[in-house]
Amino acid sequence: KAGVTQTPRYLIKTRGQQVTLSCSPISGHRSVSWYQQTPGQGLQFLFEYFSETQRNKGNFPGRFSGRQFSNSRSEMNVSTLELGDSALYLCASSPRGPFSYNEQFFGPGTRLTVL
Amino acid sequence: AQKVTQAQTEISVVEKEDVTLDCVYETRDTTYYLFWYKQPPSGELVFLIRRNSFDEQNEISGRYSWNFQKSTSSFNFTITASQVVDSAVYFCALSEAGAGGTSYGKLTFGQGTILTVHP
């Protein structure tokens, strides 16, 4: 079974631009979560989608948004990029139901550098 | 609010030594899950173990063992006879049930412990 895939793996943007990152979950998984990892703040939860609906949201500004498609693939978008948005963005998928728990499986991440 | 603390920023050991990684958590939820993840230099987080709040039974799996104590809100992880390949960043994480189990998709991570195993 293929794991979680994220594209692109590396990305360089300049301040003020916007960026879209993509995540394909493990086949059959309906939940997708996004995390930001930086040296200063560590791993922080961005949001979770389940069946195309945002279920949970972390403490990030509105510049960070996401969506999930009917095939469970997910995208996240960051508008008006700032230097502080430079980070490793990790996507995780889970087979969990809407009110149950299952562990999350992580992709390799997208390394975003903002210049 | 939930919080996970890993007091050890870095640990350095020599191969074959035993090493314990500490994790302390805070939560008001009575139903929650605790995890350990490993992040090798490649960057991908690898799931190691989970425990739910109703299962305090400790476990040994090969060279890994876990000690979960609700009384002290701790979930420590031990590697026995460490190997160079164990070198990585280790994260402890917490997932709360929230209202009706809707918050399970959110993991709260500790700051991580960098483990270096020298040959």
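All chains are named by letter (A, B, ...) in the order of the sequence lines, taking the proteins before the strands, and each is independently numbered beginning at 1.
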With the side chain counted from C-beta on, respond yes when [X] and [Y] share a heavy-atom pair under 4.5 Å apart, and no when they do not.
X: A/F105; Y: B/E44; result: no
X: A/Y35; Y: B/F109; result: yes
X: B/Q39; Y: A/Q37; result: yes

Should [X] and [Y] be counted in the same cluster of Ile, Leu, Val, Met, Phe, Trp and Tyr side chains packed under 4.5 Å apart?
X: A/L83; Y: A/L11; answer: yes
X: A/L88; Y: A/L21; answer: no
X: B/Y37; Y: A/F45; answer: yes
X: A/V78; Y: A/F47; answer: yes
X: B/F75; Y: B/Y32; answer: yes

**Fill in**
Ranked by heavy-atom pairs below 4.5 Å to chain B, first place among A/G109, A/G42, A/P108, A/A92 goes to A/P108

How far does [atom1] of [X] sit from [atom2] of [Y], to the nearest 0.5 angstrom?
X: B/L45; Y: A/L43; atom1: CG; atom2: CG; result: 5.5 Å
X: B/L107; Y: A/L90; atom1: CG; atom2: CG; result: 11.5 Å
X: A/E103; Y: B/I49; atom1: CD; atom2: CD1; result: 10.5 Å

**Request:** With a 4.5 angstrom heavy-atom cut-off, could you sort out which part of A/S33 is near chain B: side chain, backbone, both or neither?
**Result:** side chain

Heavy atoms from other residues, nucleotides or ligands near [atom1] of [X] exceed 12 (cutoff 6.0 Å):
X: B/K16; atom1: NZ; value: no
X: A/K57; atom1: NZ; value: yes
X: A/R63; atom1: CZ; value: yes
X: A/Y10; atom1: OH; value: no
X: A/N71; atom1: CG; value: yes

**Prompt:** What is the minimum heavy-atom distance between A/Q41 and B/Q111, and which atoms define it?
**Reply:** O-NE2, 3.8 Å

**Request:** Measure across A/Q104 and B/F47 and return the closest heavy-atom pair with its distance rounded to 0.1 Å.
**Result:** O-CB, 4.5 Å

**Fill in**
Under a 4.5 Å heavy-atom criterion, the part of residues 112-119 of chain B in contact with chain A comprises none

